[in-house]
Amino acid sequence: MKVKKLLWIDDMEHWASSAARNLEMIASKYGVNLKVIWAVNGEEVLQILMQYDFDGVIMDFHMEPFNGDKYIQDIRNEDHLQHIPIIFYSQDNSADLSALVKNLRGVTTVYRPNLEDNIKELFFGE
Amino acid sequence: MSENLQFKVSSALKDIIGKDLISDDNMAIFELVKNSFDAHSSEVIVRFENIYSGSAKITIIDNGKGMNYDDLVNKWLFVAYSAKKDGTEDDDLDYRSNIYSKRPFAGAKGIGRFSCDRLGKVLYLETTKQEQNPKTEVLLTEWEKFESDIKKEFIDIQVVHDTLEHNSFHRSHGTMLIINELRSSWDRPKLLRLKSALAKLINPSVSQDQDGFKILLEVPEEISNDRFHEDQHNIVNGEVRNFIFEALGLKTTRISSTISSDGLYVETELRDAGRLIYRIKERNNFKLLHNLNFTLYYLNMSAKLTFTRRMGLSSTQYGHVFLYKSGFRIYPFGEPGEDPLKVNARKAQGYNRFLGNRDLIGEISIYPPNEELKETSSRGDGLIKNSTYEELEAGFWETLRRLEKYVVEVQQWGISISDESNYDLRSRASNLIAKLTGSDDIIEFETSDDFLEIIEASKANSAESIVNNLTRIALSSNDQDLALQARQAADRIKQIQLAREEAEREAEQERRRASEATTKLREKISENLFLKSINTTDFEEVISLLHHIGIYAGTIDNNLKGISLRVQNSIDISKEDLYDIIRLLSFETKKILNIVAFATKANFKLKTENKEVNIADYIREYVSNIIPSVTDSVIKVSFIDETRLQHIKQIKPIELNIVIDNLVSNARKVRATNMQIIAKEDSENQLTVDFVDNGSGISEENIKKIYDFGFTTTDGSGIGLYHVKEILESLTATIKAENNANSTGVTFTIRFKQ
């Protein structure tokens, strides 16, 4: 079974953990052993990314103390993280996420209810 | 057989002591101006003509004592001889001539006249001595004659001489130099730089009127351009004045330290914004120094701005600590970019503790005789480094450190004592004076007339030590005035201490009154956090509420989908897992219900889940604005705030709402008609909130089970109090239930830990 590791940053823990549990079940149907590491804000993201190899980053938009786009910029500023796939999502469909990351390559912007489908497409090969 | 030989001097000596020694054009003009000053002129004119037409010339005319034929031969033409140096320069002057009596000499090398060579190839000199029946002597020197063959001896080069009945510069006595065939060109910017440099040549603290010496710059071809400018620093023609310290006025902090002419004492005065902070007289520990002064100004931001506005250039471009000997400037002291006293080098070691050149402007003035402090022959290299110079540097540092002590410790970089309201600053000034007067070297001490005002602000300890120190100084110097001042200060300090105690009592009463007023005001303001009007939800708030509803609904959907996935994939769900999911679904549903209650009632920021609030304020607002709309009128809920302190905590508002909702709902289920919520501090000043109802209470055997999931004695779900405990634990708070001792009902006590 292939192992996929995602770093997921969201301050809404209940929502994110329930979504992840469902994704783990779905992933197993596709022969993928999905492992999710959590962070409730982006402050330690760079450190975590230094310690482990991840297949992708799932980043919420609205967070404290900074919004997710700030941390995405930090990630892309690291040489070895310039190509890691990132999904950037928000519950707020009035937020123009793509404008916030328009100069950064490899960032998929998603409306929160569609996140599950996008993760499946990007990481389970559906 | 022995014989005596003589040195021969090559005509190349002229270059060595002339154009090679004088390092730039401005320096050459300085040397000539110095000569005029030393000749006791009251005025010197420096005139540039034909500067744009190719036949430029410089004319320098003074009204000094002039020279006769003997002077020309025995002084002017005598290379490296200086009558100023051997003290015979003024031997021929009338002793009754007041104007000449005290002026020190600026130059004493006997080479200043060779500056003319630096400026131009030909020098025409006319001079008329101040004596009876004077003649005018004329010399024509063509400097290139010295350059044609360096094997020729210096003394063999001819200088043309003539004697006339009258001079052509229309003064009864004085000297005129006309320098032709200039070696470099002069234009307006260069002339403005010359004027600025000449200004710095003159010691600004020596009153020019009093000393009777004036430098006039005349450039006829620039008169028309001058009319377009108003600022003195942009006008070429006119009197050269060093008004820099006038420009700074009284707005800076100034320290001035003078070593007496007999070298026994040092008198130091420190002023802040014109106000005397202290003046002390102490024994001089620099045995080689006498008759000199150090004056330093600290340039705070305001002084720097004033400087730039008045001078047309920043203080850093102008320079820093200049050195004047006998009224004239010694290079490179003060020159921008130069640091002969190593002020910046030290600043780099302690950026926040030390002043640097950019923070300073000032002067070191050396008065005659001070022969040990000699300028180097090579102009621009400062003073010869001997042991007297080392003491001069040490004296400078002592003065600078005293200024620093005031600026850093008292002003704390920039606050002036002129700020009348600054109590702390006055207190620090007082502490400084206490330390300063503690020195055994102090012979006399003086401070401002409002000295008492300054020490009034001090802490009792430093005020008392000042008085003790002053008494000691007064006794040792037998200074009756100071002794009287010390006694008055002691009496006044007692009065002040009594007045202060009284003031503190009144302040405490005021503080209590203010606290009560604040509490009332807080209640008033709090009504605005939750607005009662339905019309207050603006678009942004609605978006925020929808955002949260979306997430909570999404969480419910995720969990329901999780159950479905497990069923579809034949994954077992344990009872515990199912309970977990039900608890979560219930919790998320309650959040949505709470938001629905908010949606039309709250002007509450829900953009983030977390919010920092004063817990008591928050509960009061919630109780008065939200509870009435979500509970029926059967139960009356009121809030009593007995807190004295602010208890700020980071909370998730919705969760705290759920705690209150559940406790109110619980009371309603046990038939309570009244609930009082009382916020107060416990003995450790921690916030406790009691929810006291008058319902049927809880039986003792159940009181420990009420927080268990699913436990209920009513028709409720048995989840509410479970959620309450979970939420409070996440806030590091505890909850405890006790039946009321003297009445029906129960009290839930929540204790918030700091």
Side-chain angles (χ1 to χ4, degrees), chain A residues 1 8-34 36 38-43 58-68 70 87 89-97 110-120 124 126, chain B residues 539-573 577-578 580-592 595 605-612 650-655 658 723 726-727 730:
Chain A
M1 209 176 207
W8 196 320
I9 303 105
D10 193 325
D11 55 355
M12 293 293 182
E13 291 169 79
H14 291 315
W15 181 87
S17 61
S18 58
R21 277 199 304 273
N22 290 350
L23 273 166
E24 284 166 359
M25 284 191 275
I26 294 164
S28 66
K29 281 169 57 182
Y30 293 92
V32 173
N33 183 4
L34 182 67
V36 176
W38 293 102
V40 291
N41 63 51
E43 292 300 277
I58 317 296
M59 180 76 76
D60 185 24
F61 171 46
H62 282 299
M63 285 191 294
E64 294 288 336
F66 299 107
N67 285 337
K70 189 258 180 197
I87 294 181
Y89 66 93
S90 174
Q91 180 70 33
D92 181 358
N93 58 1
S94 65
D96 188 356
L97 297 186
V110 180
Y111 178 43
R112 188 190 288 258
N114 303 328
L115 179 62
E116 184 182 293
D117 289 340
N118 276 273
I119 292 174
K120 273 194 292 186
F124 310 157
E126 192 181 73
Chain B
F539 179 75
E540 198 180 345
E541 285 305 310
V542 170
I543 292 293
S544 173
L545 295 172
L546 290 176
H547 175 85
H548 283 79
I549 289 172
I551 293 168
Y552 301 144
T555 309
I556 294 168
D557 189 49
N558 284 342
N559 280 279
L560 292 173
K561 189 173 177 180
I563 296 170
S564 175
L565 280 168
R566 285 168 194 249
V567 172
Q568 286 166 26
N569 295 292
S570 303
I571 302 170
D572 288 339
I573 307 177
D577 285 347
L578 203 54
D580 280 345
I581 292 169
I582 292 167
R583 277 194 290 265
L584 188 66
L585 295 181
S586 169
F587 191 36
E588 298 301 293
T589 309
K590 280 209 164 62
K591 287 183 190 172
I592 293 171
I595 286 177
K605 304 294 177 202
L606 272 171
K607 275 176 272 186
T608 63
E609 276 223 313
N610 292 308
K611 189 170 176 66
E612 203 167 67
Q650 182 94 8
I651 61 160
K652 293 178 176 171
I654 281 185
E655 293 187 358
I658 289 170
H723 277 149
E726 291 276 301
I727 291 167
S730 74

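Here is the naming used below: chain letters follow the sequence lines, and residue numbers restart at 1 for every chain. FYI, side chains are in, hydrogens and waters are out, and symmetry mates aren't considered; it's all heavy atoms of this structure.
Atoms CE and NZ, on A:Met25 and B:Lys561 in that order, are 9.5 Å from each other to the nearest 0.5 Å. Between the CD atom in A:Gln91 and the CD1 atom in B:Ile549 there is a gap of 10.5 Å [rounded to 0.5 Å]. With rounding to the nearest 0.5 angstrom, the CG atom of A:Asp11 is 8.0 Å from the NZ atom of B:Lys652. Separation of atoms CG (B:Leu565) and CD (A:Glu24) is listed at 12.0 Å; rounding is to 0.5 Å.
Looking at B:Ile581, there are no atoms closer than 4.5 Å to chain A (heavy atoms on both sides), in backbone or side chain. Looking at B:Leu584, the atoms closer than 4.5 Å to chain A (heavy atoms on both sides) all sit in the side chain, from C-beta outward.
Contact annotation: the side chain of A:His14 never approaches that of B:Asn558 to less than 4.5 Å [non-hydrogen atoms, C-beta and beyond].
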